[in-house]
Amino acid sequence: MVNIQFPDGAVRSYELGITPMAVAKGISEGLAKKVIAASIDGVVSDASTPINKDAALKLITWDDADGKSTFWHSTAHLLAEAVEATFPGVKFWVGPAIDRGFYYDMDLGGKTISEEELSNLEKKMGELAKQNNIFIRKQISKDDAIAYFAEKGDEYKLDLLQGLTDGEISFYTQGAFTDLCRGPHIPHTGLIKAIKLTSIAGAYWKGDEKNKQLTRVYGVSFPNQKELDEHILMLEEAKKRDHRKLGKELGIFTFDDNIGPGLPLWMPNGTVIIEELERLAKETETAAGYKRVVTPHIAKESLYITSGHLPYYQESMYPPMELEGVKYYLKAMNCPHHHKIFSAENRSYRELPLRLAEYGTCYRYEQSGELFGLMRVRCLHMNDAHIYCSKEDFANEFRAVNDMYIKYFNIFGIDKYVMRLSLHDPVKLGQKYINEPELWLETEEMVRQVLIESNIPFVEVPDEGAFYGPKIDVQIWSAIGREFTLATNQVDFAQGRRFGLQFTNRDNQPEVPLIIHRAPLGTHERFIGFLLEHYAGKFPLWLSPVQVKILPISDKFNDYAFSVNKQLLEAGIRSEVDDRSEKIGKKIRDTELMRVPYMLVIGEKEQTEGCVSVRRQGKGDAGQCSVSEILSTLTSENKNRQSI
RNA sequence: GCCAGAGUAGCUCAGCUGGUAGAGCAGCUGAUUUGUAAUCAGCUGGUCGGGGGUUCGAGUCCCUUCUCUGGCUCCA
């Protein structure tokens, strides 16, 4: 007998070797039908795994995250079965579950999968699923496994096997398909009721661009059609808030073939947002003791030799222009320029911390395939600043920067993000990372403490730091689910020395400052791209390109409309009159679609009484009020940067 | 940069097997003077991304190039 403990704490005895599926059946047939896998003492396993000792058991269904990933991983096997039937001789690499679905990487031996074949594969998978084929696990010796794939001529699986330990190797078979796999898998293919193959892509083997490119097929599956329909609907909804679509509709930015890829043109509406963000940054930074600087967009090659960006970063920079035998580069970062401002004068410890801020324009020659709307561009405006400080000041300065992030994020209501603390790898000191083992540990600990004290959830990622120090990145996701770093906060104990930066300390000795690179608002490009999706185009008043639209009921009230408009403009409100001879319904519709936060409807009654009828975007009629009342509402909401 | 798709009016799209381009919206003009998400009518607008080729004839077939999209690699 074995004693099995359930998640609610209850313990029941079963005969030795009972499977989770049998346990489920003992509870109810309905439950058994839903069981996908089981967690046995915390290890996710097949529902058919015999339990041979006392254990804690959790039955896993579709509702569990582990259930979904098991389900999707099994669907990946189903895909492989369908592909093998369609493309004999195909070789497979790996087919994991991902956040939303699964993929399988394969070598089709030069063949390609067309869109049509993709939907055929989808149908084929549906047929195979209906066969209710059981996923059969088989423990196999390493030699036998190698022999099997050598026979098959599959160098990818042989490569995988090299990294595996004999005794821990298993095969899974469903229907006509057998794969090297650790598992677990769902009981049988019949559970997979709805399948969608979403896209075909190229993916480098082992993620290395020097390797051969395999064909990757992405897909997603569900235990019923309804959930698939909902999933597709959700994707369509997400597309509606895609910043590329909204940016066009709202007249925020545009691209032009003759300007160049990745070089956004900011239209008047977008420029309003840029200027409001800069105003916020300037107010905040001035209050925090920053000093503003302005630097040129280009610099001589020698600057980037000093900084070490050449030749390592060269391929990400626009090629140089040569004048009188000297090469000039468009700047890809502002740091070296700021360092030169630091070193322009003799610095005393009394001047520190010195905080130099600039919305710096940078140019990066990103690979063409990486460009993505506003999120990844070649001309970017960075909310940059460099803080030069002594080691003693460091923790305070870093904390202050962190507080600034939090302050900003509160203003924008940004809560779906992950703070990522990127650390060094001691093995790579002197190669990927500057060889200062103690400074690394010391600054990493300081940064960690700041994060813990400020109560911000964060994840630590080894071997992701910058060359010159640890960093914190704020990770966000675009509407279609792509991940980006929105903002960054980096420690730098290398560039100071490279640039020969120093200040005279209290002991009248020269000392190299520590440098903090920080960009809490990231770049205008990515930040506004993010905000467009974050707000779904419905910016709060202070960021709205047009804050108020005045809508006269008919031409007769245009004069009064313009007189109200004049008062608003004089109070600093971005207001416009819609004086077209359209019906009020049409004017409202157009203004709603442009996401203008306030509409003032004006007709006979309002003109006579000298008031306005207020309509809030998305909320409808909000009643009448006097011009001075609406003016003070707008002014205070605007000034306080109120969110909606 | 690589793999796979796409590019027709400002926008969203139609155009069967090759026979010298269409709709809705937007824009303009006029009529209408309107009370909380689309008033009506007329008009303008495209060398079908660019270049080359096949053909009597190319939006449609082929090559090439540019741009975009989905991924990979890479990053704010």
Side-chain angles (χ1 to χ4, degrees), chain A residues 103 105 108 112-115 118 198-218 239 242 244-245 248-249 251 254-258 260-262 313 315-316 332-334 360 362 364-377 380-384 471 473-476 480-488 490 517-527 529-530 551-558 580-593 599-606 613-623:
Chain A
Y103 67 77
D105 281 351
L108 294 165
T112 57
I113 298 180
S114 67
E115 300 274 326
L118 199 65
T198 45
S199 67
I200 318 164
Y204 297 107
W205 184 43
K206 294 185 178 179
D208 188 334
E209 63 181 325
K210 291 184 198 80
N211 282 343
K212 182 171 183 176
Q213 199 156 44
L214 305 176
T215 302
R216 176 174 295 181
V217 178
Y218 283 90
K239 271 188 192 159
D242 189 315
R244 291 168 297 184
K245 183 172 157 66
K248 184 172 273 180
E249 286 169 4
T254 189
F255 289 99
D256 185 279
D257 279 2
N258 289 318
Y313 200 75
E315 60 182 33
S316 294
M333 64 290 299
N334 304 300
C362 299
R364 297 183 180 176
Y365 197 79
E366 304 287 3
Q367 292 186 53
S368 58
E370 294 166 348
L371 301 174
F372 178 69
L374 281 181
M375 301 304 244
R376 194 74 181 276
V377 293
L380 41 114
H381 299 81
M382 203 183 298
N383 171 230
D384 215 352
K471 60 175 183 173
D473 289 323
V474 180
Q475 301 301 112
I476 51 104
I480 61 165
R482 209 183 283 189
E483 181 177 353
F484 288 96
T485 299
L486 183 67
T488 184
Q490 311 179 348
H517 304 241
R518 44 111 282 176
L521 299 178
T523 62
H524 280 320
E525 286 71 20
R526 191 170 288 179
F527 203 77
F530 168 78
L551 311 176
I553 300 274
S554 87
D555 296 354
K556 287 187 274 185
F557 313 110
N558 281 355
R580 298 174 301 169
S581 51
E582 292 289 350
K583 288 169 75 170
I584 191 67
K586 168 75 166 164
K587 291 185 184 184
I588 285 171
R589 179 181 157 78
D590 289 347
T591 314
E592 284 279 350
L593 288 175
M599 282 155 264
L600 302 182
V601 177
I602 277 172
E604 181 79 51
K605 199 164 52 175
E606 289 78 10
S613 283
V614 181
R615 185 189 162 97
R616 293 294 320 264
Q617 196 276 332
K619 298 196 179 100
D621 198 343

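Order of the sequence lines sets the chain letters (A, B, ...), proteins ahead of strands, with each chain counted from 1.
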Requested in this report: Check A/Asp621 against A/Val614 and note the closest heavy-atom contact, atom names and distance.
Outcome: OD1-O, 3.4 Å
Report task. For nucleotides B/U54 and B/A14, find the distance between their C1' atoms and express it as a whole number of Å. Result -> 27 Å
Query raised in the report: Where the side chain of A/Lys587 meets the backbone of A/Ile553, is there a donor-acceptor pair that is under 3.5 Å apart?
Result: no
Query raised in the report: When you measure from the side chain of A/Leu593, which nucleotide among B/A37, B/G35, B/G1 comes out closest?
Result: B/A37
Taking only distance into account, with no hydrogens and no angle test, what donor-acceptor pairs under 3.5 Å do side-chain atoms of residues 364-375 of chain A form with protein atoms, sequence neighbours excluded?
from, atom 1, to, atom 2, distance (Å)
A/Arg364, NE, A/Ala332, O, 2.8
A/Arg364, NH2, A/Ala332, O, 3.0
A/Glu366, OE1, A/Arg376, NH2, 3.0
A/Glu370, OE1, A/Gln367, N, 3.1
A/Glu370, OE1, A/Arg376, NH2, 3.4

Report task. Could you please name the partner base of B/G5, counting Watson-Crick and G-U wobble pairs only when both distances are under 3.5 Å? Result -> B/C68
Query raised in the report: Distance between the C1' atoms of B/U47 and B/G30, in whole angstroms?
Result: 33 Å
Query raised in the report: So which nucleotide does B/A58 pair with, by the Watson-Crick or G-U wobble rule with both distances under 3.5 Å?
Result: none
Query - Upstream residue (5' side of RNA chain B) when A/Ser554 and A/Pro261 are each assigned their closest nucleotide - result: A/Ser554
**Report entry** Over 12 foreign heavy atoms within 6.0 Å of CD, A/Glu483
**Finding:** yes
**Report entry** Integer angstrom distance from the C1' of B/C13 to that of B/A4
**Finding:** 24 Å
Query raised in the report: Which value, in whole Å, describes the distance between the P atoms of nucleotides B/C48 and B/U39?
Result: 35 Å
Requested in this report: Send over the distance from A/Lys583 NZ to B/G35 P, rounded to a whole Å.
Outcome: 7 Å
Report task. Give the minimum heavy-atom separation between A/Leu486 and A/Phe530, together with the two atoms involved. Result -> CD1-CB, 3.9 Å
Report summary line: To the nearest angstrom, the NZ-P distance between A/Lys586 and B/A31 comes to 19 Å
Requested in this report: Can you tell me the distance, in whole Å, between the CD1 atom of A/Ile553 and the C1' atom of B/A37?
Outcome: 14 Å
Query raised in the report: When you compare B/C61 with B/G7, how far apart are their P atoms, in angstrom units rounded to a whole number?
Result: 10 Å
Query raised in the report: When you look at NZ of A/Lys206, are more than 12 heavy atoms from neighbouring residues, nucleotides or ligands closer to it than 6.0 Å?
Result: yes
Requested in this report: Could you tell me the separation between the NZ atom of A/Lys605 and the P atom of B/U34, rounded to a whole number of Å?
Outcome: 15 Å
Query - Base versus backbone protein contacts along nucleotides 69-76 of chain B [heavy-atom cut-off under 4.0 Å; B, S, -] - result: SBBBBBBB
Query raised in the report: Does a side-chain heavy-atom distance below 4.5 Å link A/Gln617 with A/Glu592?
Result: yes
Query - A/Glu249 CD to B/A26 P, straight-line distance once rounded to whole Å - result: 15 Å
Report task. Provide the distance between the two C1' atoms, one in B/C56 and one in B/C68, to the nearest whole Å. Result -> 36 Å
Query raised in the report: Between B/U17 and B/C74, how far is it from one P atom to the other, in whole Å?
Result: 43 Å
Query raised in the report: Within this structure, what is the CG-to-C1' distance between A/Leu214 and B/A4, rounded to whole angstrom?
Result: 14 Å
Query raised in the report: Once you round it to whole Å, what is the distance between C1' of B/G35 and CZ of A/Arg589?
Result: 18 Å
Query - Nearest-Å distance once atom C1' is located in both B/G45 and B/G10 - result: 10 Å
Query raised in the report: Ignoring hydrogens and angles, are the base of B/U33 and the side chain of A/Asp555 linked by a donor-acceptor pair under 3.5 Å?
Result: yes
Query raised in the report: What's the CH2-P distance between A/Trp205 and B/C3, to the nearest Å?
Result: 19 Å
Query raised in the report: Side chain of A/Arg244, backbone of A/Gly529: donor and acceptor closer than 3.5 Å?
Result: no
